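This one's a predicted model, so the numbers in the text were calculated from it and none came from an experiment. Note that these values count all heavy atoms, side chains included, but never hydrogens, waters or copies made by symmetry.
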Amino acid sequence: GDKRVDKYLPTDLGNFYDSKASPVLLLTVYEIYFIQAEAHARLGHDTKAKKFYEAGIVESFKMVGADTTGYLAKPEVNFNAAGSADARLNLIMTQKYYAMYLQAESFTDWRRTGYPVLTTKNPGKEIPRRFPYPQSELSYNKENVPTGISLTSKMWWDQ
């Protein structure tokens, strides 16, 4: 079958993100559902995790006017088809990543969980994991700026 996610999206999706009237999404109902899905999945409450996972997908599709018909039954999306706790967490975080497109929380979730599995198009290069220290810190607070830090260095909590 067709594995493309974009076949479910409306053709004017760009207007949702790039018009002057586009919303600024600070906290959405689907983000809360995905947070609850992750928490229940980590606790082994698979029935509750599935409920919140699917609600997150449905609400995120509603936000942009997309149709969920058939989407939840796709093998690569179906919560029941995931064979392990790790696979279920991957599903939750991947769908949350899609739903929160262009929101900074997606980047934080990826660094925190490793899901979705992302790869770079540049062989031998890594995806940046942090912002560099600003020049003002390097100029005026150099003694407190750690050495050996690069864009791909993990944060203290990301080890």
Side-chain angles (χ1 to χ4, degrees), residues 1-131 151-159:
D2 191 351
K3 292 187 177 186
R4 296 177 311 120
V5 172
D6 63 348
K7 78 175 195 165
Y8 295 94
L9 300 177
T11 56
D12 63 348
L13 187 59
N15 292 333
F16 179 82
Y17 291 107
D18 67 3
S19 79
K20 289 180 183 180
S22 293
V24 176
L25 306 173
L26 297 177
L27 187 63
T28 62
V29 67
Y30 56 82
E31 180 181 3
I32 295 192
Y33 286 147
F34 283 121
I35 289 169
Q36 291 178 76
E38 179 186 356
H40 283 293
R42 289 183 182 277
L43 291 170
H45 305 158
D46 293 341
T47 303
K48 287 182 180 180
K50 178 182 187 255
K51 178 182 113 179
F52 288 115
Y53 165 76
E54 290 179 352
I57 291 171
V58 168
E59 290 301 319
S60 69
F61 273 51
K62 277 185 197 175
M63 176 71 79
V64 296
D67 182 11
T68 59
T69 304
Y71 187 73
L72 294 172
K74 292 173 67 65
E76 62 273 16
V77 177
N78 188 313
F79 194 84
N80 292 332
S84 68
D86 199 47
R88 288 186 290 278
L89 181 62
N90 183 13
L91 280 179
I92 292 165
M93 300 315 295
T94 299
Q95 292 301 314
K96 183 179 180 188
Y97 185 88
Y98 295 158
M100 297 184 64
Y101 178 68
L102 295 179
Q103 295 177 41
E105 193 66 26
S106 297
F107 180 58
T108 302
D109 282 340
W110 168 74
R111 292 182 305 165
R112 181 175 60 81
T113 66
Y115 294 121
V117 176
L118 301 176
T119 57
T120 177
K121 298 247 181 205
N122 297 321
K125 301 285 184 177
E126 290 182 52
I127 297 171
R129 300 185 75 82
R130 66 184 303 149
F131 288 112
L151 291 174
T152 57
S153 298
K154 291 184 175 184
M155 301 293 291
W156 62 269
W157 48 264
D158 191 20
Q159 302 299 316

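Checked against side-chain contact (heavy atoms from CB on, under 4.5 Å), Ala73 has no partners two or more places apart in sequence or in another chain. Legend: residues meeting side-chain hydrogen bond (donor to acceptor under 3.5 Å, both in side chains) with Glu31, ordered by chain and number and at least two apart, are absent. For Ser153, the side-chain hydrogen bond (donor to acceptor under 3.5 Å, both in side chains) test picks out Ser150, with sequence neighbours left out. Asp86 meets the salt bridge (Lys or Arg N to Asp or Glu O under 4.0 Å) test with no other residue; sequence neighbours excluded. For Glu59, the salt bridge (Lys or Arg N to Asp or Glu O under 4.0 Å) partners at least two apart in sequence or on another chain are Lys62. Evaluation of the salt bridge (Lys or Arg N to Asp or Glu O under 4.0 Å) rule for Arg129 yields Asp158 as partners, not counting sequence neighbours. Not counting sequence neighbours, the partners of Arg42 by the salt bridge (Lys or Arg N to Asp or Glu O under 4.0 Å) test are Glu38. Evaluation of the side-chain hydrogen bond (donor to acceptor under 3.5 Å, both in side chains) rule for Thr108 yields no partner, not counting sequence neighbours.
Rounding to the nearest 0.5 angstrom, the gap separating the OH atom in Tyr115 from the OG1 atom in Thr94 is 8.5 Å. Note that OG1 of Thr28 and CD of Glu105 are 10.0 Å apart. Values are rounded to the nearest 0.5 Å. To the nearest 0.5 angstrom, Met100 atom CE is 10.5 Å from Met63 atom CE.
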Atom pairs and distances, side-chain donor-acceptor, residues 48-55, under 3.5 Å, sequence neighbours left out:
{"from": "Lys50", "atom 1": "NZ", "to": "Glu54", "atom 2": "OE2", "distance (Å)": "3.4"}
{"from": "Tyr53", "atom 1": "OH", "to": "Val77", "atom 2": "O", "distance (Å)": "2.6"}

Considering only distance and modelled atom types, tabulate donor-acceptor pairs under 3.5 Å from the side chains of residues 116-127, sequence neighbours left out.
{"from": "Thr120", "atom 1": "OG1", "to": "Asn122", "atom 2": "N", "distance (Å)": "3.2"}

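A side-chain donor-acceptor contact under 3.5 Å links Ser84 to the backbone of Ala87.
Between Met93 and Trp110 the shortest side-chain heavy-atom distance does not fall below 4.5 Å.
Counted within 6.0 Å of OH on Tyr97, heavy atoms from surrounding residues, nucleotides or ligands total 12 or fewer; the atom is thus considered open.
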Yes or no on side chain to side chain contact (heavy atoms under 4.5 Å, CB included) for Phe79 and Ile92, after CA distance, side-chain angles and deciding distance?
CA-CA 8 Å; Phe79 194 84; Ile92 292 165; 3.9 Å; yes
Determine, step by step, whether Phe34 and Ile57 satisfy the side chain to side chain contact (heavy atoms under 4.5 Å, CB included) criterion, reporting the C-alpha distance in whole Å, the side-chain angles of both residues, the deciding distance to 0.1 Å, and the verdict.
CA-CA 8 Å; Phe34 283 121; Ile57 291 171; 3.9 Å; yes
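Taking both residues in full, the closest heavy atoms of Phe107 and Arg130 are given as CZ-N, 4.3 Å, listed atom of the first, atom of the second, then distance.
Within the structure, salt bridge (Lys or Arg N to Asp or Glu O under 4.0 Å) pairs that include any residue of residues 87-97 comprise Asp46-Arg88, Lys96-Asp109 (at least two apart or interchain).
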